[in-house]
Amino acid sequence: MQQLIQHGEFLSLSRTEPQRFQTPIQFELDNHTKVAISAPGIIEFTPLSLDNISTKHIVLSCGVHGNETAPIEMCDDWVKSILTGRLEVTHRVLFLFGNLPAMDIAKRFVEENMNRLFSGAHSEGDGCNNIERQRAKALEEAINQFFAHAQADEQKFHYDLHTAIRSSKNEKFAVYPYLHERRYSKGQLAFLAACGVKTILLSENPTTTFSYFSSRQHGAHAFTVELGKVRPFGENDMSRFAQAKEAITSLISREDFSPQVSMDELDIFRVNQVVIKNADDFTLHFDDDTPNFTDFTKGTVLASESGKTYVAQQDGEAIVFPNADVAIGQRAMLTVVPTKLETLDV
Ligand SMILES: O=C(O)CCC(=O)N[C@@H](CCC(=O)O)C(=O)O
Ligand SMILES: [Zn+2]
């Protein structure tokens with residue numbers, strides 16, 4: 001088993017023979033990296049070299065939506081490179097391959113959208129206990145254990161990598177979860193820019209997404225990062241992900257990676273409306289191929305459902321993640337408006 005894993009079969013075995021991961025697996029690579037596998041699709045790397053002075057703890061997750069394949073292929077590549085000794089991590093890194101069964105059916109999810117089930121939402125409601133709920137709980141536990149090893153003054157990071165259903169006027173963008181009393185980090189905006197992600201959405205409310213969980217529960221620098229558009233496995237043009245690949249490789253392998261950014265390079269938006277679908281007849285009032293970040297003039301009807309219409313409240317209000325096909329009670333669209341960031345931490 002260890003040999004298969006070291007030959008780069010971790011993700012494929014996790015998907016095809018998950019029962020082989022019922023008991024935890026641990027071993028050490030020749031370059032003194034400890035490998036710990038606690039479940040299918042959950043693998044942690046720790047550099048053991050004595051002169052290592054790392055103070056960073058990094059989580060990279062992908063496939064929380066099973067059909068968002070480019071980030072899965074990227075994470076699979078990093079895991080293979082580390083296991084085969086081609087890439088050496090300088091910091092502790094936890095890779096999480098989210099929804100393995102949904103990958104097999106090339107769907108966003110099997111029963112329920114996993115990215116609405118974090119911060120304990122997996123255990124609320126009508127007692128239903130589907131595979132997404134079980135997995136969301138397991139992923140939270142993996143993160144809890146991983147960050148438990150970080151000292152109070154050490155830095156925690158979680159980049160939850162996605163691709164969007166629609167094309168997008170701003171191809172790469174990140175959702176910055178609501179920070180409550182914490183301040184936005186200029187260093188993180190610079191890192192995201194180094195990944196080619198120069199559009200940032202500031203969320204202004206708690207959510208049950210994976211990135212909000214790490215941000216809120218662990219004070220991590222955490223983001224949902226949208227790197228492009230959903231495509232089937234093997235059909236991604238990986239050149240479009242090269243900048244993100246290089247920046248994240250530098251983050252995990254270099255002792256220090258501190259890119260800089262000027263704020264005028266960035267497009268910052270704040271979420272103006274979170275539109276929830278309340279009725280089966282919820283309809284979007286623009287074409288199916290309207291890209292994310294298309295903006296509208298004040299008063300334009302964007303969506304409607306029995307008893308309610310949703311309009312652009314100001315000129316230049318843009319749509320993000322519109323999806324009429326979500327379950328009742330779930331987010332069917334965000335609207336965003338341009339904003340500026342005044343107070344930033346380094
Ligand atoms: O393209 C879409 O409609 C969805 C893409 C996606 O999965 N986005 C995340 C964003 C999570 C967040 O708001 O932080 C999601 O909807 O779960
Ligand atoms: Zn997604």
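Order of listing sets the numbers, starting from 1, for every ligand and every atom in it. On a predicted model such as this, the values are computed, not experimentally measured, just so you know. Values reported hereafter were calculated over all heavy atoms of this structure, with side chains retained and with hydrogens, waters and symmetry mates removed.
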- prompt: With distance as the sole criterion, is a donor-acceptor pair present between the side chains of H149 and H57 under 3.5 Å?
  reply: no
field: Min N/O separation T163 to ligand 1 under 3.5 Å
entry: no
query: Does an N or O anywhere in N113 fall below 3.5 Å from an N or O of ligand 1?
result: no
query: What's the ND1-the Zn ion (ligand 2)-ND1 angle here (H65, H162), rounded to 10 degrees?
result: 100°
message: With side-chain contact (heavy atoms from CB on, under 4.5 Å) as the test, pick out the partner of T335 among V311, V274, N272.
response: N272
query: Picking from T339, V175, L341, I268, what satisfies side-chain contact (heavy atoms from CB on, under 4.5 Å) with I200?
result: I268
Pair E112 + R133: basic N to acidic O under 4.0 Å: yes
Residue and atom name of the nearest protein heavy atom (relative to [atom]), distance in Å to one decimal:
{"atom": "atom 11 (C) of ligand 1", "result": "N115 ND2, 3.5 Å"}
{"atom": "atom 8 (N) of ligand 1", "result": "E226 OE2, 2.8 Å"}
{"atom": "atom 2 (C) of ligand 1", "result": "F321 CD2, 3.3 Å"}
{"atom": "atom 1 (O) of ligand 1", "result": "I165 N, 2.7 Å"}

- prompt: Do any N/O/S atoms of E226 come under 2.8 Å of the Zn ion (ligand 2)?
  reply: no
Proximal ligand 1 atoms for [X], defined as those under 4.0 Å from one of its heavy atoms:
{"X": "A164", "value": "1 (O)"}
{"X": "V175", "value": "12 (C), 13 (O), 14 (O)"}
{"X": "T209", "value": "11 (C), 12 (C), 14 (O)"}
{"X": "E68", "value": "7 (O)"}

task: State, yes or no, whether a side-chain contact exists between R166 and P322 at a heavy-atom distance under 4.5 Å.
output: yes
- prompt: To which of K229, H65, R116, H162 does the heavy atom nearest atom 16 (O) of ligand 1 belong?
  reply: R116
- request: From atom 14 (O) of ligand 1, work out which of N292, D325, V326, T224 has a heavy atom at the shortest distance.
  value: T224
task: Enter the distance from F210:CZ to Y159:OH here, rounded to the nearest 0.5 Å.
output: 14.5 Å
- prompt: How long is the span from the OG atom in S61 to the CG atom in L94, to the nearest 0.5 Å?
  reply: 8.5 Å
query: Within the side chain of E73, is there an N or O that forms a donor-acceptor pair under 3.5 Å with the backbone of G234?
result: yes
- prompt: Regarding K172 and the six-membered ring of F241, is the cationic atom NZ or CZ under 6.0 Å from the ring centre and inside 45° of its axis?
  reply: yes
task: Indicate, with yes or no, if the rings of H218 and F213 have centres closer together than 6.0 Å.
output: yes
query: So is N323 in contact with ligand 1, going by heavy-atom distances below 4.0 Å?
result: no
